[in-house]
Amino acid sequence: MKIKSLYISAQEKGAGTLFVSMGIMEILKRNLHRVAFFRPIISSKDKIDGDIEFMLQRYDLDMKYEDTYGFDIEYVETMIASNRSNELINQLITKFKKIENQYDFVLCEGIRRSFLTTTINYDLNIKIAQNFGSSVINIISAKNSTASEVYEDILMERENLSSEGCNRFATFVNRLSEEKYEKLEKKLQGSRENTYLFKEIPELDLLTVQDVIEGLDAKAILLGEQDHTRVIRGIKVAALTLDNFLNHIEEDDLVIVPADRSDIILGLFGALYSKNYPNISAMVFPFNMQAHANIKKLIDGLNSFNIPVLSVSIDTYQTAKKLSNVNARLRVTSERKISLALGLFHSNVDIELIEKKISTAKTNVVTPMMFEYKLFELARLNKKRIVLPESMDERILRAAEITLRRGVADIILLGKVEEIKENYMRFGLDLSGATIIDYMNSELMQVFINEFYEKRKEKGLTREAAKDAMGHENYFGTMMVQLGYADGMVSGAVHSTGETIRPALQIIKTKPGITVVSSVFFMCLKTEVLVYGDCAVNQDPDADTLAQIAISSANTAEAFGIEAKVAMLSYSTGESGSGADVDKVREATKIVKSKREDILIEGPIQYDAAVNKSVARTKLPNSKVAGEANVLIFPDLNTGNNTYKAVQRSSGAVAIGPILQGLNKPINDLSRGCLVTDIVNTIAITAIQAGQN
């Protein structure tokens, strides 16, 4: 029987239920279009369930909140206490089956047994999973157990599920120390049977500034957009003089300090700008006090870096006491923690095996989220080294951290080591896993100068000019790719397209048979991904150039799992029009057909006939491409650039790109207005391209 649902069950609080739900949902959304999330039991219907809210927002699930749960604990316990258990189960089945019939797959998350009172004397999660016909994922927390106790729990859970006639899909053991992990691995040798082990990652349990704001009902005095996700590793109360207190601050501390302690406040801001002291994560002012106006004026005038400052109505003692009871939450906005969690999940789970076990029929629908997840998975499976020359840009640093945490690629940053470290630590980031190269003082510099000089001396390049060129981070990064010190480069957040492409053309050059570097955008519409080319590089291509763009675009599409059907766009379809512009497209189509018989191509063709089946039946009824085109080649840059932006803005499509194609090795350009997400996607694409060279 095909699996249409999974049921996630955990015993203890903090076992990592949301972590596992998120990891499984990533796999489901990568393969299926309509996936539902359902919790049979929630703690209270009067309070928004955190896990449901997270899954609805993070994965943009097409569901109403009221359809995502069955009943609350109070109702469940009342039904069981009155001997109406069977009636309760039937009611849950009715709600579940309604969801199951509407979606390709349902991921169910059970309630922790610790939430249930002694009124319920059996494992309700198993009973529900039985009646839903769901395979069960069991989660065990190793935090407060020995390796032997965890091993016994694994065996007992297997036996329990088997005796109850439930299909065990997998077991996840979370929060293992290094020692417990090694011991448990030995005990499970030869009997892993879809049991996955995860080492404890302390940061996933650390508070963030947002946790503090919500837990203390704090008000923001000084708070940047990115400050909400800053982690807090320790809590300090400023009760000493400044000269003594500075000896006690540690990296990522939250400091509770009265607002009238101007000396402490200025000292902590000074420490932020000093190489000799750690960077704290935030300050909290008790009693809703404000700093002196002159202190506020001084802080407001600081450039680049600041410390988040919050205020609370309670006193210092109550603030410290209340903070000890605030719990860390995983939020949709917690991109750093999410990336870390997903990196942990994907590095410890056999994704391919899980995909095989979820044997639901796949649809032809490809959503933006499905496409993005496929990018990350393709990149992760063949991890490459990507160099990012623009290391002083905050967006680049944030994207680099997400990339490293998700295991998408290894990152190389160019710039002065101390400056980069100071910057990322001030932003509250962890880029300790990145390689930083001070390119101006690198031992590679002279090698690169010589190599560039030899390549270009016949074109009049002097050795001095070669030295000047290598002093530019884009040239240095490109030479790293050329000589194998990196597998690809992403630039353009700060530099122009010309500054990114020019070094590539001079050093890496184009592939055999290709004389033109062009670009594509992956246009992720609601239920499909289209490839648009060329919307960023070639202004007015002739027929031969247009043919090369089409061939390169088809190759790019195929490389990313899209079966290319190419439409050569024009203002007329088939033989209905004439003129220089149409003739150019017609000639380009003939060139592609003569060079690549394997490419399905149609042209000239209008956009509506290319993508709409009903229009295609009228205009080109016998075409294998019309109505189904997914690679659309525009006749010039003006048409292409305007069209992609119009589609992006009017339809809400996600535009990933521009992706450069035709080069021997991957160099990709960013828009100077790019977002962190755009950079992460481009890094993933560059890594995939590198794996195909």
Any donor-acceptor pair under 3.5 Å from Glu419 side chain to Lys416 backbone:
no

N/O donor-acceptor pair under 3.5 Å between Arg395 side chain and Ala493 backbone:
yes

List the steps, then state whether salt bridge (charged side-chain N to carboxylate O under 4.0 Å, His left out) holds for Arg58 with Glu335.
CA-CA 10 Å; Arg58 166 78 184 172; Glu335 191 57 49; 3.3 Å; yes

Trace of the salt bridge (charged side-chain N to carboxylate O under 4.0 Å, His left out) decision for Glu418 with Lys275
CA-CA 9 Å; Glu418 286 305 313; Lys275 297 179 182 179; 5.8 Å; no

Ionic contact status for Arg233 with Glu250, cut-off 4.0 Å:
no

Looking only at side chains, do Asn441 and Asp438 share a donor and an acceptor under 3.5 Å apart?
yes

For Glu251, is the CD atom crowded, meaning more than 12 foreign heavy atoms sit under 6.0 Å from it?
yes

Distance-minimising heavy-atom pair for Arg596 and Ile551
NH1-CG2, 3.5 Å

State, with a plain yes or no, whether a side-chain heavy atom of Phe476 is found less than 4.5 Å away from one of Met445.
yes

Any side-chain heavy atom of Leu197 sitting closer than 4.5 Å to one from Leu184?
yes

Rounded distance (nearest 0.5 Å) linking atom CD1 of Ile420 with atom CG of Leu431:
9.0 Å

Run the side chain to side chain contact (heavy atoms under 4.5 Å, CB included) check on Thr682 and Leu670 step by step: do they pass?
CA-CA 8 Å; Thr682 304; Leu670 297 165; 3.6 Å; yes

Determine yes or no for a side-chain-to-main-chain donor-acceptor pair under 3.5 angstrom, with Asn244 supplying the side chain and Leu240 the backbone.
no

Does Gln482 offer a backbone N or O that forms a donor-acceptor pair with the side chain of Lys665 under 3.5 Å?
yes

For the ring pair Phe19 and Phe198, is the centre-to-centre distance below 6.0 Å?
yes

Would the distance check show the side chain of Asp211 and the main-chain N or O of Arg329 forming a donor-acceptor pair, the cut-off being under 3.5 Å?
yes

Any side-chain heavy atom of Arg463 sitting closer than 4.5 Å to one from Lys457?
no

With sequence neighbours excluded, residues passing side chain to side chain contact (heavy atoms under 4.5 Å, CB included) with Gln189
none

One should read off an interatomic distance between Lys337 NZ and Asp205 CG, to the nearest 0.5 angstrom, of 7.0 Å

Option passing side-chain contact (heavy atoms from CB on, under 4.5 Å) with Val387 (candidates Asp410, Ile412, Ile411, Ile437)
Ile412

Quick check for you: to the nearest 0.5 Å, what is the distance between Asp636 atom CG and Asp542 atom CG?
12.5 Å

Of Tyr644, Phe521, Phe634, which meets ring pair (Phe, Tyr, Trp, His ring centres under 6.0 Å) against Tyr532?
Phe634

For Gln548 and Asp544, test the side chains for any donor-to-acceptor distance below 3.5 angstrom and give the result as yes or no.
yes

Can you see which heavy atom on Leu505 is nearest to which on Val517, and at what distance?
CD2-CG2, 3.3 Å

Is any side-chain heavy atom of Leu375 less than 4.5 Å from a side-chain heavy atom of Ile656?
yes

Between atom CZ of Arg380 and atom CD1 of Ile351, what is the distance when rounded to the nearest 0.5 Å?
5.5 Å

Can you tell me if Glu563 has over 12 outside heavy atoms packed within less than 6.0 Å of its CD?
no

When rounded to the nearest 0.5 Å, the distance separating CD1 of Ile683 from CD1 of Ile396 is 6.5 Å

Set of side chain to side chain contact (heavy atoms under 4.5 Å, CB included) partners for Gln506, sequence neighbours left out:
Phe452, Arg456, Tyr475, Arg502

Contact summary for Gly477 and Met489, nearest pair of heavy atoms
C-SD, 3.6 Å

Counting neighbours of NZ on Lys383 that are heavy atoms of other residues, nucleotides or ligands and sit closer than 6.0 Å, is the number greater than 12?
yes

Say whether, by atom type as modelled, one donor and one acceptor occur between the side chain of Ser552 and the main chain of Ile549 under 3.5 angstrom.
no

Test salt bridge (charged side-chain N to carboxylate O under 4.0 Å, His left out) on Lys29 and Glu26 and set out the steps.
CA-CA 5 Å; Lys29 289 290 285 183; Glu26 294 272 325; over 6 Å; no

Test your reading of the model: is there a side-chain donor-acceptor pair from Asn474 to the backbone of Glu499, 3.5 Å cut-off?
yes

Report the C-alpha separation of Ser518 and Asn538 in whole Å, then their side-chain angles, then the decisive distance to 0.1 Å, and conclude whether the side chain to side chain donor-acceptor pair (under 3.5 Å) test is met.
CA-CA 7 Å; Ser518 59; Asn538 294 282; 4.9 Å; no

Backbone N/O of Gln226 and side chain of Thr229: donor-acceptor pair under 3.5 Å
yes

With no hydrogens and no angle check, do the side chains of Asn279 and Arg230 hold a donor and an acceptor under 3.5 Å apart?
no

So, Ser519 and Asp534: side-chain donor and acceptor under 3.5 Å apart, yes or no?
yes

Ser177 vs Glu200, side chain to side chain donor-acceptor pair (under 3.5 Å): CA-CA, chis, key distance, verdict:
CA-CA 6 Å; Ser177 66; Glu200 176 81 283; over 6 Å; no

Atom of Gln689, atom of Asn668 and distance for their closest heavy-atom approach:
OE1-ND2, 2.8 Å

Determine the minimum heavy-atom distance between Ser281 and Val231, stating which atoms define it.
OG-O, 2.6 Å

For the pair Phe560 and Phe522, name the ring-plane relationship: parallel under 30°, tilted 30 to 60°, perpendicular over 60°.
perpendicular

For Lys467, is the NZ atom crowded, meaning more than 12 foreign heavy atoms sit under 6.0 Å from it?
no

Tell me whether Glu401 contacts the main-chain N or O of Asp430 through its side chain, where contact means a donor paired with an acceptor under 3.5 Å.
yes

Flag side-chain contact, heavy atom, 4.5 Å: Thr677 against Asn681
yes

How far apart are the C-alpha atoms of Glu182 and Lys186, what are their side-chain angles, what is the distance that settles it, and do they pass the salt bridge (charged side-chain N to carboxylate O under 4.0 Å, His left out) test?
CA-CA 6 Å; Glu182 291 175 2; Lys186 289 180 181 178; over 6 Å; no

For a quick test of reading the model, state the closest non-hydrogen atom pair linking Ile508 to Asn664 and the distance between them.
O-ND2, 3.3 Å

Compute whether any side-chain donor of one residue and acceptor of the other, for Asn555 and Gln661, lie under 3.5 angstrom apart.
no

With sequence neighbours left out, the residues meeting ring-ring contact (aromatic ring centres under 6.0 Å, His included) with Phe245 are none

A cation-pi test, strictly: NZ or CZ of Arg398 under 6.0 Å from the centre of the six-membered ring of Tyr424 and no more than 45 degrees from its axis. Yes or no?
no

Measure from the side-chain N and O atoms of Asp253 to the backbone N and O of Ile280, and report whether any donor-acceptor pair falls under 3.5 Å.
no

Are any non-hydrogen side-chain atoms of Lys421 and Val417 less than 4.5 angstrom apart?
yes

Could you give the distance from OG1 (Thr195) to CD (Glu185), rounded to the nearest 0.5 Å?
12.0 Å

